[in-house]
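Heads up, the thing below is written out as structure tokens.
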Amino acid sequence: MRHFQLWNVQNVAVFLSITYMCHIAGCISIRSAQRNLSRSVQEDALFSVDVSSTGVPTVQWTFMSGAESRFIGTWQPGGDTNLTADYSSRVKAYENGSMVLLDLRLQDTGFYLLTVTEEAGNSKDVGFVLKVNEVLYEDLQYLSITALALGVVAALLMLVTWLLHKACMKVKAWRQRRRMPEKDETELQRLETQPVHQS
């Protein structure tokens, strides 16, 4: 009987500890639909999240690439935004924790860490991977050649259309001439041969 009671006490203790840990972990919620981003140079990247917590959270973004780590900024919902000089003109911060990085560069490729901290000291991290692709010259050259080819084709189609229109007009005029009766030359001659009466 005592063994049964001891087992119950142990289960209750485990249950309470798990409940407490779940409560601590559940104080902060970070939802994000996409954590792997791929953009081109000079585009913008939206790191979309939805942060919720029991208190007022502090949002902090950090950039990491290889051995390099750079602090981007920190802010609170409804509070001031503290961005570093490197990112002050390129970052838009949102109250839900989201961030937009403007005018992307190749050096922006890397890992972005979002850390949400509560007043009680609880914190939670979420990572994002951003890959910035270079717009290659060959791609631009291919696009320009394609545009030129399409322009040439359009010009040829316009020329063919104009020539067909001219040919149709000539055929139409030829058919109209064939349908007309022969010139009434006799009437013209009669008018020319009539004597002129002088008064």
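Along the sequence shown, residues are numbered consecutively beginning with 1. For the numbers below, each heavy atom of this structure counts, side chains included, while hydrogens, waters and symmetry mates do not.
- Of all heavy-atom pairs spanning Tyr94 and Met99, the tightest one is CD1-N, 4.3 Å.
- A side-chain donor from one of Ser29 and Arg31 sits under 3.5 Å from a side-chain acceptor of the other.
- Side-chain contacts under 4.5 Å among hydrophobic residues (ILVMFWY), followed directly or transitively, place Phe111 together with Met64, Leu113, Val129.
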Cut-off 3.5 Å, no hydrogens considered: what does the side-chain donor-acceptor table look like for residues 37-48, sequence neighbours left out?
from	atom 1	to	atom 2	distance (Å)
Ser38	OG	Asn133	ND2	3.0
Glu43	OE1	Ser40	N	3.0
Asp44	OD1	Asp103	N	3.1

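- Taking CG of Leu106 as the reference point, atom NZ of Lys131 lies at 11.0 Å (rounded to 0.5 Å).
- Here the shortest heavy-atom pairing between Tyr112 and Leu101 reads OH-CD2, 3.5 Å.
- The distance from the CD atom of Glu134 to the CG atom of Leu104 is 13.5 Å, given to the nearest 0.5 Å.
- Between the side chain of Thr58 and the main chain of Gln76, no donor-acceptor pair closer than 3.5 Å is present.
- Side-chain atoms of Gln34 and Phe128, non-hydrogen and from C-beta on, never get closer than 4.5 Å to each other.
- Shortest non-hydrogen contact noted between Phe63 and Asp108 is CE1-O, 3.4 Å.
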Residues Thr161, Leu159; criterion side chain to side chain contact (heavy atoms under 4.5 Å, CB included); working and verdict: CA-CA 5 Å; Thr161 304; Leu159 178 62; over 6 Å; no

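- Separation of atoms OG (Ser89) and CG (Leu83) is listed at 9.5 Å; rounding is to 0.5 Å.
- Listed by chain and residue number, nothing satisfies the side-chain hydrogen bond (donor to acceptor under 3.5 Å, both in side chains) test with Asp86 (two or more places apart in sequence, or in another chain).
- Atom CH2 in Trp61 sits 4.5 Å away from atom CG in Leu114 (nearest 0.5 Å).
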Stepwise side chain to side chain contact (heavy atoms under 4.5 Å, CB included) test for Thr115 and Thr62: CA-CA 8 Å; Thr115 303; Thr62 308; 5.5 Å; no

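- Heavy-atom minimum distance, Pro77 versus Pro57: CD-O, 3.3 Å.
- Residues satisfying the side-chain hydrogen bond (donor to acceptor under 3.5 Å, both in side chains) criterion with Glu95, sequence neighbours excluded, are absent altogether.
- Side-chain contact check for Leu130 versus Thr109: every heavy-atom pair is 4.5 Å or farther apart.
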Pair Arg175-Lys170, side chain to side chain contact (heavy atoms under 4.5 Å, CB included): steps then yes or no: CA-CA 9 Å; Arg175 286 182 177 175; Lys170 288 186 177 182; over 6 Å; no

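- Side-chain N/O atoms of Ser123 and Glu118 include no donor and acceptor closer than 3.5 Å.
- Every residue meeting the side-chain contact (heavy atoms from CB on, under 4.5 Å) condition with Asn82, not counting sequence neighbours, appears here in chain and number order: Thr74.
- For residues 63-75, the salt bridge (Lys or Arg N to Asp or Glu O under 4.0 Å) pairs, not counting sequence neighbours, are Glu68-Arg70.
- Once rounded to the nearest 0.5 Å, the distance linking SG of Cys168 with CG of Leu163 reads 11.0 Å.
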Steps toward side chain to side chain contact (heavy atoms under 4.5 Å, CB included) verdict (Ile28, Val116): CA-CA 8 Å; Ile28 301 172; Val116 179; 3.8 Å; yes

